[in-house]
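One structure follows; several queries about it will come next.
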Amino acid sequence: MKNKFRLFIIIIFLIFCFGIFYKGLDKSNTYAPKIKDKKNITIFEAKDFNSGVYLNSEEIFKEDTFYIVNIWASWCVPCRKEHPLLMELSKNESVKLIGLNYKDNIKNAKIFIDELGNPYSQILIDDDGTLSVEFGAYGVPETFLINKNKKIISKFIGPLNQETFEEIQSIIK
Amino acid sequence: MLASQIGYYSLILGLLLSVLLCSVSIKDLNSSSRQINQNVLFLSFLQLVFVIVSFSSLILSFINSDFSNETVFNNSHTTKPLFYKISGTWGNHEGSLLLWLLVLTLFIFIFLIKSRTQPKKYRILTLLFQQIIIIGFFSFILMTSNPFNYLFPIPLEGLGLNPILQDPALAIHPPILYLGYVGTSIIFSASLAAVTQDYISKEWGQHIKKWVLVSWIFLSIGIMLGSIWAYYELGWGGFWFWDPVENISLMPWLTLTALLHCIIVLERRVMLTSWVVILSITTFTLSMCGTFLVRSGILNSVHTFANDPARGIFILIFLFILIVLSLGIFFLFHKENNKNSNNYFWLSKETSILINNWFMMYFLSVVLIGTVYPIFLDVISSEKISVGPPFYQKLMAPFLIIFLIFMSLGPRLKWIKSKIENKNSIIITFIISVMLAFFIIRYLTTDLLFHTVLVSAAFFLFFTTLKELLTSKFNNISQTVAHFGFSLLILSILFNSILSSEIITNIKVGEKYSYSKGEIFFKRIEEKKESNFNSIIAYFEIKNKNRKIIELKPEIRIYNQPVIITSEADIKTTLLQDKFLVMSLVKGNEYFNIRYQVKPFMIWIWISVLLLSLGGLMSLFKRSYEK
Amino acid sequence: MKILKIFLIIFLSIGFSQLKSDEKNEELKNKILKNIRCLICQGQSVYDSESDFASSVKLIVATKINKGLTEDQIYEFLRSRYGDWVVFEPELNKNTYILWLLPLLLFLFGGAIIYKKISIKNYEE
């Protein structure tokens with residue numbers, strides 16, 4: 001009797017493990033940190049791209065509107081691809097775009113903007129990448145959507161595409 | 001192209017042979033003759049031949065860069081050197097499965113030849129169980145991982161092999177590793193066969209011990225080769241990262257070691273019979289689990305093969321069937337041997353082997369839980385966590401201390417009942433170890449009490465086994481050599497990690513970097529072209545306090561297919577220490593970032609694993625007068 | 001003259017203690033960096049990686065150490081932005097109790113089995 005009981009327990013345990021591994025196969029392997037609790041923007045200071053003046057995060061995000069923080073660089077090829085979508089978004093009155101120029105050379109960045117247009121109401125310099133880490137970014141390009149309560153509600157890793165563009169549009173309506 | 005056809009049809013023939021073999025052997029089970037029907041041996045040999053033919057045709061396709069074969073296309077390139085074209089055969093998913101089949105069929109054939117003195121039914125049943133595994137793998141290959149898929153139109157060039165895999169150690173690492181852990185399939189099949197025949201006895205123990213030793217030796221060396229590759233190729237100076245794929249090779253090694261010790265008991269007394277069977281099943285299950293985890297995409301690692309969940313499902317189901325089958329057989333057939341099961345005097349060799357198994361199972365559980373827990377957590381609660389080296393080190397180190405002490409005392413005990421002889425010499429050795437450890441650690445000014453204790457325990461084992469080696473009259477020399485090797489391994493790892501030093505800095509050509517123990521001079525750069533890569537070779541001179549200069553030339557290689565940039569470290573190895581220099585580019589700069597490491601006793605780590613295996617080898621060739 | 005000497009001594013000792021604390025900071029920084037996963041590399045730690053992400057994290061950790069944050073606070077900072085996955089050593093929280101404790105429980109369980117096997121014999125003896 002004891003043996004049969006043991007066998008039964010083991011079989012149940014095995015079925016459990018089997019189920020877990022089976023489900024595990026479906027799960028995506030790329031790790032994208034989910035925004036579980038909407039987080040506040042950290043408090044930081046950054047240098048403005050055009051004026052060279054240091055601005056406080058409170059001043060940057062002071063208006064009662066949606067904000068998009070987009071991390072970009074002139075040397076980043078996918079950034080060129082997503083740029084037209086950013087230009088479109090900038091036409092939307094309910095959102096302001098803040099650009100974060102990541103590990104870039106100011107001259108090249110200026111050429112990039114002159115060539116492709118400036119969707120940003122403000123550009124900040126992040127020449128050592130630390131500001132991006134404050135936001136929880138991996139690299140470039142990356143985009144964050146911030147709501148009127150100054151909380152980060154969405155994160156998009158990689159260049160924006162049609163799907164994510166429409167997602168943003170529907171949120172900021 | 002013809003080679004691919006031959007290879008493919010050989011596989012099909014091999015599978016058909018499996019079915020034929022099964023029916024012929026089942027008939028032979030019931031026949032009255034005392035020896036196996038010669039046909040069975042012949043068919044098994046034929047099956048091996050077909051697998052060899054299939055494997056050879058794949059190798060041939062690689063050598064000829066036959067890109068009409070999809071596997072060759074995905075994993076090779078015309079400019080690859082010949083040696084790596086050949087080793088590329090088993091460096092990919094499909095080819096490595098052929099290697100699995102090769103070892104499975106080879107080992108069962110050798111088993112049949114070498115087991116003529118064993119009971120007939122036992123041999124046939126072993127063959128049958130092994131055939132179940134073989135059929136599973138044939139089906140897996142033919143259904144999901146065919147190495148002979150035809151590509152049309154035939155591409156002119158292949159996609160190439162990842163350059164970090166183009167390394168001699170990594171080329172021979174799979175075959176040797178597979179001989180180890182696929183070899184555990186025989187132990188699995190034989191144990192199940194023995195259980196059904198109520199044949200778990202002393203004779204069986206003596207017979208199966210050879211197989212356990214062979215698997216264990218190959219597995220140890222295979223794991224060592226993988227570590228050597230990681231050390232030379234991955235460029236960070238580390239050799240073990242508690243990466244899931246490394247853990248997966250370690251787990252069967254742990255159970256195999258535990259099994260080896262249990263068989264040593266079983267050779268002499270009929271004890272631990274159920275545990276031996278459970279360990280055999282577990283070892284092979286872990287090997288198969290490893291295959292599952294590495295190829296299905298469920299784990300995230302530096303080493304994983306291309307991910308494909310469909311393959312994962314197949315292996316998972318196959319694995320499940322094997323486990324249920326083996327457990328079912330165990331519970332159905334196993335007869336508990338009541339006479340001897342409680343004959344453990346607390347101070348005896350049997351008990352010390354029990355303790356060995358106890359600790360081995362603990363280490364196994366740490367590695368197993370650490371590796372698969374993140375999967376469970378992710379599925380159940382969608383939380384992702386990392387389980388990295390600190391986890392394994394923290395959980396295992398304290399227990400390692402006690403384990404080392406038991407390892408020093410255990411072998412001295414006699415079978416059945418023992419007294420502690422030579423108490424004084426043990427105590428003296430212990431005191432010497434502690435004092436030596438304390439003195440050394442203190443001199444290094446590492447303030448870790450913990451290190452002192454760990455090093456003392458390792459020294460204790462070291463001196464105990466050294467004494468055995470020098471004084472005993474070759475009694476049990478294989479065990480002493482192996483244990484000595486293990487103590488050397490722990491000591492080398494400990495001192496290597498305590499004494500290693502590193503300098504990281506950015507430097508440009510012509511610059512000198514001074515530090516407390518010497519000076520690094522970046523002499524010059526050279527550019528070179530090889531068949532499938534361009535390289536930048538940097539010449540450094542390292543001058544130490546004694547004004548001795550050594551030259552190190554790390555490289556940065558830019559491979560052509562696929563386009564990958566790798567850093568090749570230059571390592572100068574001596575018995576005393578390794579000097580390790582690796583260099584990488586700093587973006588947009590004329591500066592190079594260099595990491596210079598001095599790693600004492602590195603080579604002793606490899607030597608001690610070889611010693612460990614040597615002990616196993618000696619046991620294999622031991623004559624029976626030595627008991 | 002004497003005042004100069006006193007100033008020199010005070011200056012040097014401040015410098016020296018700064019050096020010592022710099023050393024300690026460097027050690028702490030390396031310890032932390034070895035425990036953080038480089039998220040865009042395969043399995044490497046930030047300490048071992050030269051990628052963009054790794055260099056940024058190295059700078060941030062150095063800054064935060066200088067600001068006086070403790071090791072745990074720095075891990076918390078990174079975890080809140082990147083999830084538990086970014087730190088190699090799993091924290092002991094409700095998610096990981098089983099992870100840390102199960103091996104130990106199994107060890108005790110194994111010990112109990114062995115104890116039973118041994119003591120039965122001694123009883124029969």
| query | Closest heavy-atom contact between Tyr82(C) and Val133(A)? | reply |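 Result for this residue pair: OH-CA, 3.5 Å.
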| query | Atom OG1 of Thr63(C) and atom CG of Asp128(A): how far apart are they, to the nearest 0.5 Å? | reply |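 It comes to 7.5 Å.
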| task | Give a yes or no on this: more than 12 heavy atoms of other residues, nucleotides or ligands lie within 6.0 Å of atom NZ of Lys47(A). | result |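 No, the 6.0 Å shell around NZ holds no more than 12 heavy atoms from other groups.
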| Around atom CD of Glu163(A), are there more than 12 heavy atoms of other residues, nucleotides or ligands at under 6.0 Å? |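 At most 12 heavy atoms, drawn from other residues, nucleotides or ligands, come within 6.0 Å of this atom.
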| Ile40(C) versus chain A, heavy atoms under 4.5 Å apart: side chain, backbone, both or neither? |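 It is the side chain, since no backbone atom gets that close.
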| said: Is it true that, when you exclude Ile98(C) itself, more than 12 heavy atoms of the residues, nucleotides or ligands shown sit nearer than 6.0 Å to its CD1? | reply: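 No, because the 6.0 Å sphere around CD1 of Ile98(C) holds 12 heavy atoms or fewer from other groups.
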| query | When rounded to the nearest 0.5 angstrom, what distance separates OH in Tyr138(A) from SG in Cys38(C)? | reply |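 So the OH of Tyr138(A) and the SG of Cys38(C) are separated by 10.5 Å.
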| message | Could you report the tightest heavy-atom contact between Thr130(A) and Ile60(C), atom names first, then the distance? | response |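 Smallest heavy-atom distance, with atoms named: O-CD1, 3.2 Å.
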| When you look at CD1 of Ile12(A), are more than 12 heavy atoms from neighbouring residues, nucleotides or ligands closer to it than 6.0 Å? |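 Counting neighbours around CD1 of Ile12(A), more than 12 heavy atoms of other residues, nucleotides or ligands fall under 6.0 Å, so yes.
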| Considering all heavy atoms of both residues, which atom of Arg81(C) and which atom of Lys155(A) are nearest to each other, and what is their separation? |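 Taking Arg81(C) first and Lys155(A) second, the nearest heavy atoms are O-NZ, 4.3 Å.
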| query | Counting only heavy atoms not in Gln73(C), do more than 12 fall under 6.0 Å of its CD? | reply |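 Yes, because the 6.0 Å sphere around CD of Gln73(C) holds more than 12 heavy atoms from other groups.
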| field | Heavy atoms of other groups near Glu93(A) CD, more than 12 under 6.0 Å | value |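 12 or below, so no.
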| For Tyr102(A) against Phe53(C), the heavy-atom pair lying closest together |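 In this case the closest contact between Tyr102(A) and Phe53(C) is OH-N, 4.2 Å.
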